[in-house]
Every structure is written in structure tokens, then in C-alpha cells.
Amino acid sequence: MHRRTFIQQTLTTAAGAALLPHWLYAAAGAKGDAVIIKTVQLLQWRKHLFVVVTDADGRKGMTLCNQRMEYLSGIFNGLVAPFFVDKDARHITQLVDDVYKEERNYKLSGMPFWNCVGHVEVAVWDLLGKIQNKSVHQLLGKQFRTQLPMYLSSLTRDNAAEAEVEKLLAGLQATGCTAVKIKVGGRMETSSSAQKRSYDIVKLLRSKAPSSLTIYADANSSFDVKEGIAMGKFLEAQGVDIFEEPCPWEDFESNRKVNEALKKIKIAGGEQDTSFFRFSWYAHSNGLDVLQPDTFYNGGIIRTLRVADLCRQHKKFFAPHSPKADALEAPFLHLMAVAPAVYGFQ
């Protein structure tokens, strides 16, 4: 199935729904019979890991796991999964907040912890959806969209600029995409050769692709402030629309300085972030223009929708991280069906 067809169908037919009212604050008071969680398991089938949630009546919800979970079984089995056992799944919003405060779990806060929580939350949505025979997005909020414009993404940094551009042009021809995301810098560092390749790719794309092509550039934390501003000004001059993670992702002040120095291009980030307070700072202090939480890394659909609502409140943009084209994309699609402040190609 073509990716575009998969996305259109999944937004309108993927399984999963909840008994909760509005997504932002819902917890207690959900109607219907209790759905008591009896087991939360991390299981393997062939090379794939799954989180499976089973209720007292033997009904199951599940999600495919991302590649991070291979290294997180201790946190998942020791701290996260036990918290949800014997709880009412209808209160999933409150449960996701409370697991952080359980004993000393807050001391482990960060992507490894919230990635475990996010997998449980998504599996619970699947369970509740099967019980109600509805899609998750139907009860998350008002549906804003049934389709998403997609960009062609390249993760490559180790080929020559000419080869990379030819690959991108072939991909554009095959998919009909009108936007691309390229890599600039060297990932967490840069060099003269990485810099030259970055400049060459953008120039070649602009000379060989249609002038209407939308370009996003992802630095993966490659630059310091001075280098980030210089690269950003070049990208601005080439009409690039989004510049992602110019400086180390944890160095939020440096990314803010790059953002303030650039007038046209949008600075994006937040893929690795999990703190609502950090996202709030990005939104109200002009740290970033586009917030990009990952649905799993950030602890699930509800926590990620809260970031989208921050964007709405502060007139920022929301474009969550979702690099998958398999079953891991389904929670992202439910999220995007109802999320406010969505910007650009995904």
C-alpha cells in the first residue's frame, strides 16, 4: 500500500477509542462499567516487541514498540507496568499524570521513562477503543482533518551531495511529494566536509527541483550559535522553510539565540524533550517556532496533545516527530486528526 493511501485510510478507520470526555483534562467521572487492568506485558514476537494490556474480562489492547524499548525493559517492568495494574483504564489521563508521582518515579523523568509510559497509554487507548468499537480520535476532540500533506525524508549523511540530490529527485518523482527534509551538519557535530555537503545539497535541489519545492533542513544539534546563525541565514536565502535543532537540543538558550537572529526561517525542535515546563518555555519565550514532541517519547497521546494546545495558546506551530511508516504511525495519526496548531508537511 502506498504511504499516502495508508495515511488517509488510517485517519478514518484505525482502531481505538476511550470513554473519556475532552482530552485535555478528562479523568474521573467517565461513564460506563469499570475497565480494570489486570496485566501490562512487554512481549516479543519474532524480532518485534509489543506492549499488551489485558483487562479483567480478558480483553486486550496493544501497540508495536519503537526501537528504544529494547533497552528499557527494566524501567518498564520494574516501575511503569506495575503502576497501571488494578487501575481503571477509563481514567488513563489521570493515570499518566500519577505514574510520574508514584514513589520516586519523578527522579527518573526523561525520555526512557516517558517512552515506557507512552507505550502503555497507547495500548490502553487500543483496549478502550475495542470495547467501544470507535476510533480514538472520535473521543479525543473535534476532528480537524482527514488528510495530511507529507514530505519525503532522507536520513543520509554519508553520501555525496550529488548522489543525495539524485535520490531525492527520484523519490519526489515516485511519490508525488512536493516537500523534502534533508540533513545538514554532521549530527551533534560538524566539519568542513559536512558543511560543504550541506550547502551543496540545498543549492543543487534549488537548481534541479521545481521552484515550488518546500525544503526542511534538520541539523540534529550540529552547530554552536555562530555556526547555527550562519547556516540559518544561508537556508533563509535559499527559501528553506524550517531549520530543525540547529544547536544541541538540550541547549535551549542557544537555540533561542539562533531563532532570534533569523527573521524568515522557522526554528523547530523538541523531539527528545519530555518536560511540559520545557515546552512551555519554548512557547512563551520564543525558544522555538515549531514544537516537535514524539508521541511515544513524550508519554503518549494526551501529553502530546497538551503540547499542541500550548502551541495554540502561544501562536506557535505543532509538527510532532513521527519517522515511521508502519503500525507505530497509527497513534500519531489519531493525534493529528484532532490536534490544533498543526503546521506544514509531516
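Note that the coordinates shown come from a computational prediction; the quantities given were computed from them, not determined experimentally.
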**Fill in**
Separation between OG (S153) and OH (Y216), nearest 0.5 Å, reads 12.0 Å
**Prompt:** Considering residues at least two apart in sequence or located in another chain, which fulfil the side chain to side chain donor-acceptor pair (under 3.5 Å) criterion with E164?
**Reply:** S154, N159, K167
**Any I182 side-chain heavy atom under 4.5 Å of D218 side chain** = no
**Item:** Test item: N220 side-chain N/O and M188 main-chain N/O as donor-acceptor pair under 3.5 Å
**Value:** no
**Asked** Is the side chain of T304 donor-acceptor paired with the backbone N or O of G300 at a distance under 3.5 Å, no angle test?
**Response** yes
**Asked** Are the side chain of Q143 and the backbone of R145 linked by a donor-acceptor contact shorter than 3.5 Å?
**Response** yes
**Item:** Non-neighbouring partners of K264 that pass side-chain contact (heavy atoms from CB on, under 4.5 Å), sequence neighbours left out
**Value:** E236
**Message:** So which atom in P293 and which in F318 form the shortest heavy-atom distance, rounded to 0.1 Å?
**Reply:** CG-CE1, 3.7 Å
**Message:** Let me check something: do F76 and Y71 share a hydrophobic cluster, defined by ILVMFWY side-chain heavy atoms less than 4.5 Å apart, either directly or through other members?
**Reply:** no
**Message:** Between D273 (side chain only) and S275 (backbone N and O only), is there a donor and an acceptor less than 3.5 Å apart?
**Reply:** no
**Item:** Worked verdict on L305 versus L335 for side-chain contact (heavy atoms from CB on, under 4.5 Å)
**Value:** CA-CA 7 Å; L305 279 171; L335 165 79; 3.4 Å; yes
**Message:** Between I265 and I242, is there a side-chain heavy-atom distance shorter than 4.5 Å?
**Reply:** no
**Message:** Determine whether a donor-acceptor pair (N or O, by modelled atom type, separation under 3.5 Å) exists between the side chain of N259 and the backbone of N286.
**Reply:** yes
**Item:** Gap separating the CD atom of E189 from the OG atom of S221, nearest 0.5 angstrom
**Value:** 11.5 Å
**Message:** Over 60° means perpendicular and under 30° means parallel, so tell me whether F243 and F223 are parallel, tilted or perpendicular.
**Reply:** tilted
**Asked** Sequence neighbours excluded, which residues qualify as salt bridge (Lys or Arg N to Asp or Glu O under 4.0 Å) partners of K196?
**Response** D200
**Message:** Tell me whether F144 shares a hydrophobic cluster with M336, the cluster being built from Ile, Leu, Val, Met, Phe, Trp, Tyr side chains joined at under 4.5 Å.
**Reply:** no
**Prompt:** What is the distance from atom CZ of R187 to atom CG of D158, rounded to the nearest 0.5 Å?
**Reply:** 11.5 Å
**Request:** Please assess V51 against V122 for the test side-chain contact (heavy atoms from CB on, under 4.5 Å), listing each intermediate value before the final yes or no.
**Result:** CA-CA 9 Å; V51 168; V122 169; over 6 Å; no
**Item:** Gap separating the CG atom of L328 from the CG atom of L333, nearest 0.5 angstrom
**Value:** 11.0 Å
**Prompt:** Judged by modelled atom types alone, do Q292 and H321 share a side-chain donor-acceptor pair under 3.5 Å?
**Reply:** no
**Results of side-chain contact (heavy atoms from CB on, under 4.5 Å) for F317 - residues two or more places apart only** = K266, V290, Y343
**Request:** Start with the C-alpha gap between R59 and D126, add the side-chain angles, then the distance that decides, and say whether salt bridge (charged side-chain N to carboxylate O under 4.0 Å, His left out) holds.
**Result:** CA-CA 10 Å; R59 297 170 295 193; D126 187 51; over 6 Å; no
**Prompt:** For residues T54 and K38, is any side-chain donor paired with an opposing acceptor at under 3.5 Å?
**Reply:** no
**Request:** Using a strict 4.0 Å threshold on nitrogen-to-oxygen distance, state whether K324 and D326 make a salt bridge.
**Result:** no
**Message:** One pair to check against side-chain contact (heavy atoms from CB on, under 4.5 Å): Q346 and S322. What are the steps and the verdict?
**Reply:** CA-CA 8 Å; Q346 306 301 319; S322 182; over 6 Å; no
**Request:** Answer yes if I36 and I131 sit in the same cluster of Ile, Leu, Val, Met, Phe, Trp and Tyr residues linked by side chain heavy atoms under 4.5 Å apart, and no otherwise.
**Result:** no
**Message:** So V53 and M62, do their side chains get closer than 4.5 Å, heavy atoms only?
**Reply:** no
**Request:** With rounding to the nearest 0.5 Å, note down the distance linking NE2 in H137 to OG1 in T146.
**Result:** 9.0 Å
**Request:** Establish, from distance only, whether the side-chain atoms of Q138 and Q132 form a donor-acceptor pair under 3.5 Å.
**Result:** no
**Request:** Answer yes or no for K87 and F83: cation-pi contact, defined as NZ/CZ to six-membered ring centre under 6.0 Å and angle to ring axis within 45°.
**Result:** yes
**Asked** Between E121 and R303, is the closest basic N to carboxylate O distance under 4.0 Å?
**Response** no
**Message:** Which heavy atom of I229 sits nearest to which heavy atom of A261, and what is that distance?
**Reply:** CD1-CB, 3.6 Å
**Request:** Begin with the C-alpha distance, continue with both residues' side-chain angles, and end with the deciding distance and a verdict on side-chain contact (heavy atoms from CB on, under 4.5 Å) for L42 and C65.
**Result:** CA-CA 9 Å; L42 181 63; C65 293; 3.8 Å; yes
**Request:** Compare all side-chain heavy atoms of N298 with those of F279 and state whether any distance is below 4.5 angstrom.
**Result:** yes
**Asked** Is there a donor-acceptor pair closer than 3.5 Å between any side-chain N or O of R157 and the backbone N or O of G185?
**Response** yes
**Asked** Would E260 and R256 pass as an ion pair if we require N to O under 4.0 Å?
**Response** yes
**Asked** Less than 4.5 Å apart, any side-chain heavy atom of K316 and any of H284?
**Response** no
**Item:** Within-4.5 Å side-chain heavy-atom neighbours: E162 and L204
**Value:** yes
**Prompt:** Hey, what do you get for CZ (R306) to OG1 (T93), rounding to the nearest 0.5 Å?
**Reply:** 6.5 Å
**Prompt:** How close do G186 and S222 get, heavy atom to heavy atom, and via which atoms?
**Reply:** N-OG, 3.1 Å
**Prompt:** What pair of heavy atoms forms the shortest contact from I75 to C116, and how long is it?
**Reply:** CG2-SG, 4.0 Å
**Prompt:** Would W114 and F296 count as a close aromatic pair, with their ring centres under 6.0 Å?
**Reply:** no
**Prompt:** What pair of heavy atoms forms the shortest contact from L64 to H119, and how long is it?
**Reply:** O-CD2, 3.9 Å
**Request:** Evaluate side-chain hydrogen bond (donor to acceptor under 3.5 Å, both in side chains) for E250 paired with Q272, printing each intermediate quantity in order.
**Result:** CA-CA 9 Å; E250 293 175 295; Q272 281 82 224; over 6 Å; no
**Item:** Carboxylate-amine/guanidinium contact D98 K101, below 4.0 Å
**Value:** yes
**Item:** Non-neighbouring partners of F252 that pass side-chain contact (heavy atoms from CB on, under 4.5 Å), sequence neighbours left out
**Value:** R278, W281, Y282
**Request:** Kindly assign one of parallel, tilted or perpendicular to the pair F50 and H48, based on the angle between their ring planes and the thresholds 30° and 60°.
**Result:** perpendicular
**Item:** K183 side chain reached by I201 side chain, heavy atoms, under 4.5 Å
**Value:** no
**Asked** Under 4.5 Å between any side-chain heavy atoms of V184 and Y199, yes or no?
**Response** no
**Message:** I need the minimum non-hydrogen distance between L172 and L152, along with the two atoms involved.
**Reply:** N-CD2, 3.6 Å
**Item:** F277-Y100 co-clustered via ILVMFWY side chain contacts under 4.5 Å
**Value:** no
**Y106 with L95, same ILVMFWY side-chain cluster at under 4.5 Å** = yes
**Prompt:** Can any side-chain N or O of R206 pair as donor or acceptor with the backbone N or O of L213 at less than 3.5 Å?
**Reply:** yes
**Message:** Using a strict threshold of under 4.0 Å (side-chain N to carboxylate O), is an ion pair present between K226 and D224?
**Reply:** no
**Item:** Whether D55 side chain and V35 backbone form a donor-acceptor pair below 3.5 Å
**Value:** no
**Prompt:** Can you name the residues that form a side-chain contact (heavy atoms from CB on, under 4.5 Å) with R68, not counting sequence neighbours?
**Reply:** N66, L72, M111, N115, Y297
